[in-house]
Asker: 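Before anything else, here's the structure in question.
Keep in mind that the numbers below use all heavy atoms, side chains included, and drop hydrogens, waters and symmetry copies. Quick caveat: nothing in here was measured; it's all calculated off a predicted structure.
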Number of protein chains: 2
Amino acid sequence: MPLDLLPVSTAPAACCTPATSPAITEQDAVQLARTLKALADPARLRLLSLIAAHDGAEACVCDLIEPVGLSQPTVSHHLKVLTDAGLITRDKRGVWAYFALVPGALESVTTHLGAHLTGSAA
Amino acid sequence: MPLDLLPVSTAPAACCTPATSPAITEQDAVQLARTLKALADPARLRLLSLIAAHDGAEACVCDLIEPVGLSQPTVSHHLKVLTDAGLITRDKRGVWAYFALVPGALESVTTHLGAHLTGSAA
DNA sequence: AACGGAGATTGACGGCTGTCGATATTGACG
DNA sequence: CGTCAATATCGACAGCCGTCAATCTCCGTT
């Protein structure tokens with residue numbers, strides 16, 4: 001078959017150009033998604049915001065239950081999710097449990113987001 | 001009861017101090033969580049990253065199916081979620097559908113995150 | 001007009017998630 | 001040591017989510 005009779009010219013210009021720069025790895029995507037899942041809930045965002053709004057970025061559970069308007073077990077559950085995600089820390093002093101923001105945790109998330117998801121290739 | 005005999009010293013110092021600065025509103029939390037939910041999935045993060053890795057931050061669906069390793073309907077579903085969240089746009093040219101990053105959409109997310117969730121109060 | 005391919009939609013299903021009430025645990029106090 | 005208050009844990013339930021196979025729609029080609 002002659003080369004100049006290949007059906008290349010009739011094909012409407014291949015759409016598939018693999019990529020110009022490497023994408024995020026499967027592993028990194030899973031890890032980043034894990035943290036984002038912890039953030040992707042209105043109640044948890046409010047909890048984080050409430051903690052951040054307190055002196056020293058630290059708050060006791062009893063400060064949080066009433067503003068978010070959820071039951072105590074539910075608030076405790078959300079705080080555990082945030083703690084497991086490494087976004088806040090738990091410090092039990094006597095009867096009360098104090099939760100504080102982990103410095104830089106949120107910046108780390110936004111940094112990773114920007115590192116992989118900006119349209120750097122013009 | 002004399003003031004100096006108040007049970008202040010024995011009580012472990014009230015834990016409940018409401019807040020020093022306002023927290024995120026319920027409405028803003030719901031909206032931000034909506035966008036974060038769209039981001040909080042490994043497959044969607046990879047799709048966004050793949051689109052960003054292409055020339056012009058634009059990619060055809062056929063460029064995306066094989067790298068993410070999911071079925072075509074599933075990829076189509078994820079792209080719809082990202083589109084509905086305002087993170088990418090769809091542009092059908094002929095038979096192919098091209099998806100492109102919405103400029104500034106991701107920055108908006110990180111900005112809102114930082115605005116409400118940084119421990120500004122020392 | 002019929003064919004073929006790209007991609008969207010539908011329907012179904014298993015698993016995860018947010019929520020609560022009830023209960024267990026833990027530390028302070030009398 | 002018994003009681004009380006603050007949190008955590010458990011069990012259950014409804015609803016959402018990610019995934020796929022099957023099907024539909026639309027457009028370009030023959």
Asker: Is any side-chain heavy atom of A:I88 closer than 4.5 Å to a side-chain heavy atom of A:L48?
Answerer: yes

Asker: Does A:R93 reach a base, just sugar-phosphate, or nothing at all? Heavy atoms under 4.0 Å.
Answerer: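 Nothing, no nucleic acid heavy atom in range.
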
Asker: Roughly how many Å is it from CG in B:L47 to C1' in D:dT19, rounded to a whole number?
Answerer: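 Between C1' of D:dT19 and CG of B:L47: 14 Å.
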
Asker: Ignoring hydrogens and angles, tell me if any N or O in the side chain of A:S108 forms a donor-acceptor pair with the backbone of A:G104 under 3.5 Å.
Answerer: no

Asker: CZ of B:R90 versus C1' of C:dT9: gap in Å, rounded?
Answerer: 12 Å

Asker: How close or far is atom P of D:dA8 from atom CG of A:L82, stated in whole angstroms?
Answerer: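 Atom CG in A:L82 sits about 12 Å away from atom P in D:dA8.
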
Asker: Judged by modelled atom types alone, do A:S71 and A:T74 share a side-chain donor-acceptor pair under 3.5 Å?
Answerer: yes

Asker: Identify whether B:L64 and B:V81 are in the same connected component of the hydrophobic contact network (ILVMFWY, side-chain heavy atoms under 4.5 Å).
Answerer: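 In one cluster: no.
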
Asker: Can you work out whether B:L79 or A:V81 has the more 5'-proximal nearest nucleotide on DNA chain C?
Answerer: B:L79

Asker: Provide, to the nearest angstrom, the distance between the CG atom belonging to B:D91 and the P atom belonging to D:dC26.
Answerer: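 It works out to 18 Å between those atoms.
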
Asker: Around B:E107, counting heavy atoms of other residues, nucleotides and ligands shown, do more than 12 lie under 6.0 Å from its CD?
Answerer: yes

Asker: Mark yes or no for whether A:H77, through its side chain, and A:P73, through its backbone, hold a donor-acceptor pair below 3.5 Å.
Answerer: no

Asker: Do the side chain of A:S49 and the main chain of A:L45 share a donor and acceptor less than 3.5 angstrom apart?
Answerer: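 Side chain of A:S49 to backbone of A:L45: no pair is present.
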
Asker: If you only use heavy atoms from C-beta on, which nucleotide in C:dT9, D:dA6, D:dA8 is closest to the side chain of A:W96?
Answerer: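 Out of C:dT9, D:dA6, D:dA8, the nucleotide with an atom closest to A:W96's side chain is D:dA6.
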
Asker: Can you tell me the pairing partner of D:dA5 across any strand shown, Watson-Crick or G-U wobble, with both distances under 3.5 angstrom?
Answerer: C:dT26

Asker: Write out a two-atom table: protein N or O, nucleotide N or O from nucleotides 19-22 of chain C, distance below 3.5 Å.
Answerer:
residue: C:dT19; atom: OP2; partner: A:H78; partner atom: NE2; Å: 2.3
residue: C:dC20; atom: OP2; partner: A:S71; partner atom: N; Å: 3.0
residue: C:dC20; atom: OP2; partner: A:S71; partner atom: OG; Å: 3.0
residue: C:dC20; atom: OP2; partner: A:T74; partner atom: OG1; Å: 2.8

Asker: Could you write out each protein N or O paired with an N or O of nucleotides 1-4 of chain D at a distance under 3.5 Å?
Answerer:
none

Asker: Is any side-chain heavy atom of A:I51 closer than 4.5 Å to one of B:L117?
Answerer: no

Asker: Which nucleotide wins on minimum distance to the side chain of A:R44, given the candidates C:dG18, D:dT7, D:dT9?
Answerer: C:dG18

Asker: Between the side chain of B:R44 and the main-chain N/O of B:K37, is any donor-acceptor distance below 3.5 Å?
Answerer: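 It does hold such a pair.
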
Asker: Over how many whole Å does the gap from B:D84 atom CG to D:dC17 atom C1' extend?
Answerer: 15 Å

Asker: Nearest whole angstrom, please: distance from the P of D:dC17 to the CZ of B:R34.
Answerer: 11 Å

Asker: Which nucleotide in the list C:dA8, D:dT7, C:dT17 gets nearest to the side chain of A:K92?
Answerer: D:dT7

Asker: In whole Å, I'd like the distance from the CG atom of A:L45 to the P atom of C:dG18.
Answerer: 12 Å

Asker: Looking at the side chain of A:V95, which of C:dA28, D:dG28, D:dA8 is the nearest nucleotide?
Answerer: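 Given the options C:dA28, D:dG28, D:dA8, the side chain of A:V95 is closest to C:dA28.
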
Asker: So do A:P42 and A:R46 actually touch side chain to side chain, heavy atoms under 4.5 Å?
Answerer: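 In short, these two side chains do not touch, never coming nearer than 4.5 Å.
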
Asker: Tell me: NZ of A:K37 to P of C:dG15, nearest whole Å?
Answerer: 16 Å

